[in-house]
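Notes follow once the structure below has been shown.
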Number of protein chains: 2
Amino acid sequence: MPTIYDVAKLAEVSPKTVSRVLNGEPAVAEETRARVLAAMKQLDYHPNAIAASLKRQRSNIIGFVVPYGSEFVFQDPNMMEQLRGVHDVVTQAGYDLLLSVPVERKDALSELLRLVRNKNIDGVILYPTAGVERIIKELNQKNFKYVTLERYREDQQTNYVRINAVAGVYQATRYLLEKGHRRIGLINKPASFFNYCCSEDSLINGYASALAEAGMEVDAGLVETGDYTFEGGYQAFMNIREREPGVTAVICASDPMAYGAIRAAEDGGMAVGRDLLVVSGDNLPLTRKLYPMLPALSNPSFEQGRYAGDMLLTLIKEKRDLPGISLDARFVPPKGL
Amino acid sequence: MPTIYDVAKLAEVSPKTVSRVLNGEPAVAEETRARVLAAMKQLDYHPNAIAASLKRQRSNIIGFVVPYGSEFVFQDPNMMEQLRGVHDVVTQAGYDLLLSVPVERKDALSELLRLVRNKNIDGVILYPTAGVERIIKELNQKNFKYVTLERYREDQQTNYVRINAVAGVYQATRYLLEKGHRRIGLINKPASFFNYCCSEDSLINGYASALAEAGMEVDAGLVETGDYTFEGGYQAFMNIREREPGVTAVICASDPMAYGAIRAAEDGGMAVGRDLLVVSGDNLPLTRKLYPMLPALSNPSFEQGRYAGDMLLTLIKEKRDLPGISLDARFVPPKGL
DNA sequence: GTGAAAGCGCTAACAT
DNA sequence: ATGTTAGCGCTTTCAC
């Protein structure tokens with residue numbers, strides 16, 4: 001493989017001049033630049049990014065570390081949407097994306113440390129999980145740039161992009177109340193998953209406010225917690241139905257859980273859309289297609305990824321922290337209303 | 001950041017000895033090794049992977065380039081399964097995965113070239129697309145290691161992992177015939193997508209053989225081609241139904257197309273499972289959950305990814321080409337039969 | 001506008 | 001078992 005020296009020799013200039021052409025630096029005569037470019041072409045020269053990284057002390061690679069094990073991650077449509085958002089924005093900025101999903105869930109933190117310490121990467125997008133605080137501390141100490149999806153602590157002020165579903169759930173609940181529903185189930189997200197710390201954005205808050213406005217109280221029998229999966233949603237709805245056979249609507253914190261609830265309802269002889277209204281939790285494209293008539297909470301996961309990527313790139317460029325961002329989930333009423 | 005020299009000084013050994021400890025080379029006295037490790041710990045030393053890469057002339061990074069645009073890719077469950085397979089196997093072998101999905105579909109080939117030429121990566125997994133042949137030629141010339149998912153040419157002999165659905169479709173068709181179905185639809189995969197060259201593994205072959213054995217011929221009115229998407233499946237079934245109102249079963253080449261066909265059937269007033277039997281195309285976990293009663297073709301996409309990753313690692317290690325692999329899709333009869 | 005020299009942090013080759 | 005030397009391919013002073 002030809003190096004910058006080979007090009008320099010052929011073009012009869014110094015290596016530094018070749019480097020200048022490579023990096024589009026201005027102080028090069030047009031005629032010289034042309035000669036250098038011709039030499040590159042003739043030799044089929046391509047710069048070695050690793051050598052440049054070593055000297056520059058940065059790799060132009062962004063890391064994305066996702067805990068929870070690959071089996072879950074690659075089948076979770078929201079994570080894929082976040083990944084897509086991050087990918088698109090960093091790719092277009094000329095960075096590459098190093099994707100790391102610990103095969104075993106328990107390796108998530110050490111994997112993160114490995115990536116960061118070996119500093120192949122210029123920054124990292126990560127999910128807060130239990131135990132991450134120690135790592136964030138190390139990142140801060142080393143002045144290593146990161147953005148978290150959701151917050152790792154309730155008092156985190158900077159460098160996160162989160163989604164707040166409370167307003168969406170409030171609207172969904174109001175909508176259902178207005179339609180005459182009185183026994184409204186809620187399949188909430190787990191208290192300790194992404195945002196394992198932050199109780200304030202539990203869906204229960206929006207749900208409870210809307211009920212309170214209608215002079216109603218939360219009935220514990222109507223509330224369940226799922227684990228974001230189909231199975232979790234299935235079981236949760238089964239439990240709710242057993243306790244509250246009169247349930248006529250259910251709000252789900254995620255689409256897979258909504259699918260589970262739908263199957264549970266149908267297995268129990270209910271006709272979804274007639275006996276039971278299901279509010280899905282993410283409004284994934286697939287959900288819109290499978291169940292076009294159902295209302296939904298719309299989770300801007302893709303935008304979350306985009307903002308996170310953007311924020312990280314700015315962090316890297318400007319070397320300062322940025323205030324965290326909250327994106328509100330929206331309520332999408334059913335088609336034709 | 002401390003370097004290998006700092007560690008060497010503190011441990012009172014040479015840098016080379018530190019390097020030996022780092023790489024687990026045998027010829028180090030136990031006592032020395034302990035001293036070095038202690039020094040590393042004291043300094044919070046972590047090796048710089050970029051420097052090692054420059055010297056070693058390899059990065060321990062595998063590239064995965066997926067064409068078709070990120071919007072499609074991250075929402076396609078089969079691609080995600082392949083990605084997961086590749087990811088798991090290379091990760092466990094100590095490699096990192098660089099994921100590259102050109103945001104614009106037309107940039108796929110140049111993206112591939114960029115990755116390869118800058119040789120940040122030790123090898124690449126790629127999909128054959130129109131025009132890829134030129135690039136494969138360059139890869140061969142430079143002795144750069146790659147594995148293709150599906151073949152880029154009918155006569156490709158090495159370095160691919162493909163899925164052959166013909167046997168599965170044959171079994172599916174036989175099953176349906178035995179159950180008494182006579183008007184069996186087929187929503188085939190497009191002739192030019194992954195394996196844009198290879199007509200031999202068109203589903204039509206397995207379909208036609210099974211029909212022929214039963215003394216029947218292929219009725220062109222029952223066959224459509226989709227583009228792997230929900231919309232494609234929807235439209236395809238609509239077309240089939242219009243031409244052949246008596247259709248009682250349909251075999252789909254992918255799960256999203258099966259979802260589309262199901263929706264089309266239901267929109268047309270058919271009850272899936274009673275009026276129409278749908279054989280889904282991939283047997284994704286989600287499909288098993290949403291439609292547990294339907295028969296399916298089972299597409300081993302995850303295994304395809306694993307084999308591709310394995311093959312690439314072997315290619316890199318042994319510096320030789322390997323014969324291509326075909327994985328047969330299976331037919332999975334409906335539950336309870 | 002261009003060039004010479006030094007060095008990023010590591011490892012391979014060749015000592016001893 | 002351990003050390004010395006050189007150099008991977010580039011960019012960064014600092015000079016002219």
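Reminder, nothing fancy here: chain letters follow the sequence lines and each chain counts from 1. Side chains included, hydrogens not; waters and symmetry mates left out as well; all remaining heavy atoms used.
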Q) How close or far is atom C1' of C:dC8 from atom CG of B:Asp6, stated in whole angstroms? A) 13 Å
Q. Within this structure, what is the CZ-to-C1' distance between A:Arg35 and C:dT2, rounded to whole angstrom?
A.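 In whole Å, C:dT2 C1' and A:Arg35 CZ are 11 Å from each other.
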Q: Can you tell me which residue pairs pass the ring-ring contact (aromatic ring centres under 6.0 Å, His included) test with a partner in residues 77-99 of chain A, sequence neighbours excluded?
A: A:His87-B:Phe74
Just jot down the side-chain hydrogen bond (donor to acceptor under 3.5 Å, both in side chains) partners of [X], sequence neighbours excluded, or say none.
| X | result |
| --- | --- |
| B:Glu30 | none |
| B:Arg117 | A:His46, B:Glu138 |
| B:Asp96 | A:Arg114 |

Polar pairs (N or O, both sides) under 3.5 Å between protein and nucleotides 10-12 of chain C?
from: C:dC10; atom 1: OP1; to: B:Tyr45; atom 2: OH; distance (Å): 2.6
from: C:dC10; atom 1: OP1; to: B:Asn48; atom 2: N; distance (Å): 3.0
from: C:dC10; atom 1: OP2; to: B:Ile4; atom 2: N; distance (Å): 2.5
from: C:dC10; atom 1: N4; to: B:Tyr5; atom 2: OH; distance (Å): 2.8
from: C:dT11; atom 1: OP1; to: B:Asn23; atom 2: ND2; distance (Å): 3.3
from: C:dT11; atom 1: OP1; to: B:Arg56; atom 2: NH2; distance (Å): 3.2
from: C:dT11; atom 1: OP2; to: B:Ser19; atom 2: OG; distance (Å): 2.8

Q: Note down the inter-axis angle between the two ends of the helix from C:dG1-D:dC16 to C:dT16-D:dA1, five pairs each, to the nearest 10°.
A: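 Its terminal axes enclose an angle near 30°.
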Can you name the residues that form a salt bridge (Lys or Arg N to Asp or Glu O under 4.0 Å) with [X], not counting sequence neighbours?
| X | value |
| --- | --- |
| A:Arg33 | none |
| A:Arg306 | none |
| B:Arg320 | B:Glu318 |

**Q.** Any donor-acceptor N or O pair under 3.5 Å, side chains A:Ser59, A:Asn120
**A.**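 A:Ser59 vs A:Asn120: no donor-acceptor pair found between side chains.
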Q. How would you label the contact of A:Thr32 with the nucleic acid (heavy atoms, under 4.0 Å): base, sugar-phosphate, or nothing?
A. sugar-phosphate
Q) Taking only residues at least two apart or on different chains, which pairs with a member in residues 47-58 of chain A satisfy side-chain hydrogen bond (donor to acceptor under 3.5 Å, both in side chains)? A) A:Asn23-A:Arg56
Q | Residue pairs passing the side-chain hydrogen bond (donor to acceptor under 3.5 Å, both in side chains) test where at least one lies in residues 2-14 of chain B, sequence neighbours excluded | A | B:Ser14-B:Thr17
(Q) Going 5' to 3' along DNA chain D, which are the first and last nucleotides with any atom under 4.0 Å from a heavy atom of chain A? (A)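 Extent of the interface on DNA chain D: D:dG9 to D:dT12.
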